Structures are given as C-alpha cells and as structure tokens.
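Structure record follows, encoded as structure tokens.
None of these values were measured; they are calculated from a predicted model. Numbering of ligands and ligand atoms starts at 1, following listing order.
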Amino acid sequence: MKRKNKLSILQMAEMKRCGEKITWITAYDMPLACAAEKAGVDMILVGDSGGMVQLGYQTTNPVTMDEMILMAKSAKRGAPDTFLVGDMPQGSYEASNVLAVENALRFVKEAGCDAVKLEGGKRMVPRVKAIYDAGILVMGHIGLTPQSSAAFGGYRIQGKSVESFEANMEDALALQASGACAILVEAIPEEVSAVFARKLSIPILGIGAGKQVDGQLLIVHDVLGLYPSFRPTFAKCYIPLVIEQFSKHLGKSSDLTKLGRDTREDGISYLAELAITRYVEEVKELKYPSTEYRYPLSADILEMLKKSKYWNR
Ligand code: KIV
C-alpha cells in the first residue's frame, strides 16, 4: 500500500532508532517506478545498474550522466511521491568537487531527485563534503563498489578479512563525518554489516549484506525476474510467490475482457506491484533476506574479525 507521505531523513533516522526496516528498490522508468510507489516502498534508487539491466551494457561503467538523467526523469514521473535517489555514474564525480556538485545538482534540478549516491569511502570525503555543503542529501556506498571493482580484483565479497573489515569501517566513519545521510553496504557478510549498523548513527542500508542492517535494497529486475543473465546470491525473484494471488485475482472476474476496462489490474504492472509489495512485507517482517540470500562467513574468520579494534568499541 502506498506510503502516506514521502520519506524524510528525519523519518529515516527515526526508523533506524526504533528498528523499522527501510525498504528500497531500484527503478529506471515510469511503469516500474509507478508499481514500486503503489507497493509502498520507502525509497527508489535510479541506480547505474540501469546501464546493465535497462540499457543492456555489459557493466555499469559506460552509462552516462545524460542516460542517468533520462532514466531518473522517467522514474520520477512514475513515482512523484516517493523519495528518489540518483546514482552518480562513473565519470560524473571523481575528477573534482565542482564536477561532483554540478552533476548532483542535475539529479536534483532536472530529474527531481531527493538525494544522490556515490561509490567510495575515505577517498570520496571531499566530494561528499562538497555535495553536502551545496545543500544536497548524499549517500555513500561501500563494500563491493562495482564502478571500481577492477581495483579490488573484480566483483568480490568484501569484509571477510581484518584488513577489509577495518578499511570498510574507516570508510563508513569517514563518510558519516563528512555529511553522508546514509550508507549502502554491498556484498558483505551479515555478521560484519551488523557491526556497521550498530556503530554508525546514520542508517546503514544493505544489498547482499544480510538482515541486521537498517534497510534493504534490491534491483527491481531481480525482484521481477526481468534480467536474463547474471543473478547474484542475494537476488530474490518474487514472481513465483505472487503468481497464485494474481491468478486468483483474475479468476474473480467472470468476464476477463472487462478486467482491464474497469481497472488496470489485469497485467504486468499489477503483477509487478504484487511482487514488490511482497518484497516490502518480507523486509518489514524480517523475512528477507533469509539464509540462502546471504553470504556465509566461516567461524574461523569470524573469530579473527572479533579481535579487530573496531569490533566492540
Ligand atoms: O546501481 C545500483 O543499482 C547500485 C546497487 C547495485 C547497489 O548501486
């Protein structure tokens, strides 16, 4: 069910404080953003993943700022009342603070985004500060950061060694101190991301980071089974879970030709709404992500991590 009002950062902080999970999904166009808003998600991300799942590039790196703006404008038209985050693509912020602020402003002014997100930790502190100083809400993204994954040897699970855990923790603390309003952690075992959520005062959202964070993000194409190739461990397709509900709904009508005339609840957009609604419910009820959608951590590595200076302090 649609949210009563658009999420604010004050509400986001309150949700963290009282333990209500924040629900977040990507969308890159009007129809799926509309389905996400009707399903009542707290936030929508126009991710640079749209470069792959929507535009068909092999990685997220080729997607341009103009393509991101086009996708963000379309998503905004579908979900005018949902908190919308624009994802800064590779090349739109690394070179200078001026470039970062100019492109963050494009997301806000041209596409109507409420916040932007960028990848990287300590090394992005000047950019985060500059965007924050320009009066724009900015979120960090650590753990697996696809834009710079080559530097980490490819798409690899992060936080599984003391070195990686401590580097990510220092990144998170630096982003928080620079004005980030939330941080997304990607592909990190649950035991590790739980420490981030506990230590940081801003919301820690996870994708492939287990349950013990302040909210979840999924790619809408994974939720709907729309992307024909790669599907990561944490991706859950909700269509099999709602198909019977959809079929019963259709079955209620004695004249199927009337269904699409009286309402629009007869096709893919309604099925998408049901699937995203189920995702939202599972996150709120702490059912997603169950064990099979998490990255495991061995007992030996966990013992090693527990000795880190950041684990308990
Ligand atoms: O672009 C995106 O959707 C993202 C997620 C993969 C984390 O940044």
Open item on the list: If I take atom CG from residue Asp87 and atom CE from residue Met139, how far apart are they, to the nearest 0.5 angstrom?
Closed with: 10.5 Å
Task: Qualifying residues under side chain to side chain contact (heavy atoms under 4.5 Å, CB included), relative to Ser49, sequence neighbours excluded - done: Thr26, Tyr28, Ile219
TODO: Please list, chain by chain and in numerical order, all residues satisfying ring pair (Phe, Tyr, Trp, His ring centres under 6.0 Å) with Tyr293, sequence neighbours excluded.
DONE: Tyr288
Task: Non-hydrogen atoms of Val128 and Ala180 that approach each other most closely - done: CG1-N, 3.9 Å
Task: side chain to side chain donor-acceptor pair (under 3.5 Å) against Glu166, all qualifying residues, sequence neighbours excluded - done: Ser308
May I have the N/O to N/O pairs between ligand 1 and the protein that fall below 3.5 Å, each with atom names and distance to one decimal?
{"from": "ligand 1", "atom 1": "1 (O)", "to": "Asp48", "atom 2": "N", "distance (Å)": "3.0"}
{"from": "ligand 1", "atom 1": "1 (O)", "to": "Asp48", "atom 2": "OD1", "distance (Å)": "2.7"}
{"from": "ligand 1", "atom 1": "1 (O)", "to": "Ser49", "atom 2": "N", "distance (Å)": "2.9"}
{"from": "ligand 1", "atom 1": "1 (O)", "to": "Ser49", "atom 2": "OG", "distance (Å)": "3.3"}
{"from": "ligand 1", "atom 1": "1 (O)", "to": "Asp87", "atom 2": "OD2", "distance (Å)": "3.0"}
{"from": "ligand 1", "atom 1": "3 (O)", "to": "Ser49", "atom 2": "OG", "distance (Å)": "2.5"}
{"from": "ligand 1", "atom 1": "8 (O)", "to": "Asp87", "atom 2": "OD2", "distance (Å)": "3.4"}
{"from": "ligand 1", "atom 1": "8 (O)", "to": "Lys117", "atom 2": "NZ", "distance (Å)": "2.9"}

Task: Side chains of Val195 and Lys306 in contact at under 4.5 Å (non-hydrogen atoms) - done: no
